[in-house]
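The next block holds one structure in the form of structure tokens; read it before the comments.
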Amino acid sequence: MAAAAPARAVHAKLNKRPGKIGMLIFAIALVVGFTYVGSQLVGDLSAVHNASIYPFVLLGVALFVALGFEFVNGFHDTANAVATVIYTHSLEPHVAVVWSGIWNFIGVLTSSGLVAFSIITLLPVELILQVGSGAGFSMVFALLTAAIIWNLGTWYLGLPSSSTHTMVGSIIGVGIANQLMHVGSGTSGVDWAQAAGVGRILLVSPIVGFVCAGLLLIVMRTFIKNRELYEAPVGEAPPPFWIRCLLILTCTGVSFSHGSNDGQKGMGLIMLILIGTVPTAYALNHAITSSQTADYVAVSRQTSDVIQKYVSTPAAAGDARAAITDYIRTREFTPAAMLGIEQIVNDLANEAETYRLLKAVPPKDIPNFRNNMYLVSEALRLMKKYNNPPIAAADWVVLDNYKKHIDNITKFIPPWVKVAVALALGLGTMIGWKRIVVTVGEKIGKTHLTYAQGAAAEITAMVTIWAGDNLGMPVSTTHVLSSGVAGTMAANHSGIQWSTVRNLAMAWVLTLPASIVLAASLFWLFNLIG
């Protein structure tokens with residue numbers, strides 16, 4: 001095979017042990033990072049007065065499992081980012097992994113949080129509102145454990161399976177099981193409209209990677225005539241300086257984008273865990289100042305005036321929370337839902353005005369306070385999405401501003417959570433990167449990866465993931481990058497190893513049903529035990 005000789009030079013580097021100085025620096029970084037995480041967590045929990053140690057034990061186990069998911073995620077997705085720079089000799093393997101880890105870390109720290117909370121909206125609304133109950137913890141443990149099992153299995157086989165795909169499948173599995181276990185009770189299952197939207201993104205991402213990377217390579221061949229760019233590396237020699245800079249830049253971009261997008265999937269679930277176990281510390285954003293609280297109250301009054309215009313006169317007063325929950329579950333808007341929104345907006349404003357600071361809200365009232373905000377935020381999101389009821393554009397300006405305020409109070413991620421996720425991702429990459437790197441680097445195409453192919457695949461992945469992050473859409477790094485490499489091989493007429501592509505496609509097709517069955521079974525089992 002044409003790729004055999006260049007691949008041997010790469011294997012020699014892959015088999016080298018990392019330098020002692022590098023390992024020492026990495027160990028120090030881990031110790032410093034986890035010390036920071038531990039100190040921040042202890043500081044937050046020190047203000048929580050609980051007679052039982054059970055919630056804290058549960059919190060520790062849940063965090064361990066959630067960070068375990070991100071650790072395994074590092075095996076898969078982060079390894080994709082370094083394959084091209086390793087196989088083009090742009091960076092030494094261990095240097096590439098550390099470099100990628102640094103930019104993943106930065107990406108996680110600067111992430112918006114949009115993806116983290118868009119993943120949560122796929123979950124059954126009852127389980128989100130009762131995340132501190134047995135069913136809520138069964139949900140979190142089931143979907144995380146299912147994702148870890150499937151990701152470990154595909155990693156062991158060297159298949160670049162998508163952690164995003166696995167997570168979405170696990171969430172669907174929990175939703176289906178939740179509905180089947182409560183037939184006739186009105187309990188919600190899967191938000192199929194939202195799941196279909198995410199599914200379309202995951203379905204399209206391999207096509208986007210294949211087509212766009214292939215087209216980009218063709219464009220490069222048309223306008224950039226430097227022959228070195230389209231040749232495989234010779235021996236262990238690094239590429240020309242400008243090509244090397246381009247490849248390192250694209251690796252950096254993919255690593256940063258991956259951290260800012262994929263890192264958020266674990267963050268949203270960790271926040272659910274924190275809210276469920278110690279709501280006093282994490283259900284509400286304690287960084288909100290008294291002046292911001294006053295601003296929230298003023299915005300609430302404006303919002304109440306706007307909502308009043310759309311409240312039907314015959315609407316009967318009832319259980320406001322139940323009316324909104326039914327709307328979110330069924331997507332069938334009723335006058336009672338609008339009246340319920342108005343009542344809760346006013347109630348929340350009155351409470352905030354009374355307490356002046358969110359951290360002054362009594363512990364017993366915090367879960368209800370947060371859940372009411374969550375329900376109103378979700379209801380407003382759905383009303384705008386489905387344009388039901390029709391609301392004037394000028395009024396949506398007020399409602400959007402209100403939603404922004406309550407999301408700032410409930411949808412926040414403490415810095416230590418981002419650091420913990422970044423460290424778990426980095427540690428997973430350092431331990432499990434080789435299997436996926438070899439698959440992407442030499443088992444997709446029949447020839448060794450050229451400089452131009454590596455750059456085209458990385459640029460496509462970088463831009464696609466960046467767009468997904470800014471639009472709040474979970475995008476699969478694995479799908480985009482591995483299909484991008486295949487696209488460049490096809491465009492270059494280099495030949496594709498169809499056995500590998502068939503295995504990748506099989507993993508892609510099986511990931512959703514396998515994770516659905518795993519998560520549903522585990523959810524049933526955990527509820528049975530609990």
Passes side chain to side chain contact (heavy atoms under 4.5 Å, CB included), Y451 versus R244? Steps please. CA-CA 8 Å; Y451 305 129; R244 189 178 190 183; over 6 Å; no
Can you list the residues that meet the side-chain contact (heavy atoms from CB on, under 4.5 Å) rule with F141, with sequence neighbours excluded?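 With sequence neighbours excluded, F141 shows a side-chain contact (heavy atoms from CB on, under 4.5 Å) to L58, V61, A62, V65, F137, F526, given in chain and number order.
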Under the side-chain contact (heavy atoms from CB on, under 4.5 Å) rule, collect the residues that match up with V32, sequence neighbours excluded.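 Counting only residues at least two positions away or on another chain, V32 forms a side-chain contact (heavy atoms from CB on, under 4.5 Å) with I28.
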Does the [X] side chain pair with the main chain of [Y], one donor and one acceptor, at a distance under 3.5 Å?
| X | Y | result |
| --- | --- | --- |
| Y87 | V82 | no |
| H405 | N401 | yes |
| S260 | G107 | no |
| S483 | V480 | yes |
| K411 | Y374 | no |
| N104 | F256 | no |
| T154 | W150 | yes |
| E458 | A455 | no |

Quick one: does [X]'s side chain get under 4.5 Å of [Y]'s, heavy atoms only?
| X | Y | answer |
| --- | --- | --- |
| L274 | V417 | yes |
| F105 | V419 | yes |
| N492 | I218 | no |
| L63 | L41 | yes |
| S90 | P239 | yes |

Rounded distance [0.5 Å steps], [atom1] in [X] versus [atom2] in [Y]:
| X | Y | atom1 | atom2 | result |
| --- | --- | --- | --- | --- |
| I243 | L229 | CD1 | CG | 4.5 Å |
| N285 | D407 | CG | CG | 11.5 Å |
| K418 | L423 | NZ | CG | 14.0 Å |
| L216 | T488 | CG | OG1 | 10.0 Å |
| I516 | S170 | CD1 | OG | 8.5 Å |
| R370 | I128 | CZ | CD1 | 8.0 Å |

Which heavy-atom pair separates [X] from [Y] by the least distance, and what is that distance?
| X | Y | answer |
| --- | --- | --- |
| L45 | Y282 | CD2-CE1, 4.3 Å |
| D44 | A281 | O-CB, 4.0 Å |
| I275 | A283 | CG1-CA, 4.0 Å |
| G169 | S515 | CA-OG, 3.3 Å |
| I270 | A66 | CG1-CB, 3.6 Å |
| L91 | V95 | CD2-CG1, 4.2 Å |

Ignoring hydrogens and geometry beyond distance, is a side-chain donor-acceptor pair present between S100 and S255 at under 3.5 Å?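 The criterion, which ignores hydrogens and geometry beyond distance, is satisfied for S255 and S100.
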Quick check on side-chain contact (heavy atoms from CB on, under 4.5 Å): which of M373, K384, R381 does K403 satisfy it with?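 The passing option is R381.
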Between T252 and I248, is a side chain to side chain contact (heavy atoms under 4.5 Å, CB included) present by the stated rule, with each step listed? CA-CA 6 Å; T252 302; I248 293 174; 4.1 Å; yes
Please evaluate residues K404 and N408 with respect to the criterion side chain to side chain contact (heavy atoms under 4.5 Å, CB included), reporting the C-alpha separation (whole Å), side-chain torsions for both, the decisive distance (0.1 Å), and the verdict. CA-CA 6 Å; K404 182 179 177 181; N408 189 36; 5.8 Å; no
Pair F69, M167 - check side chain to side chain contact (heavy atoms under 4.5 Å, CB included), show working. CA-CA 10 Å; F69 165 75; M167 178 62 74; 3.3 Å; yes
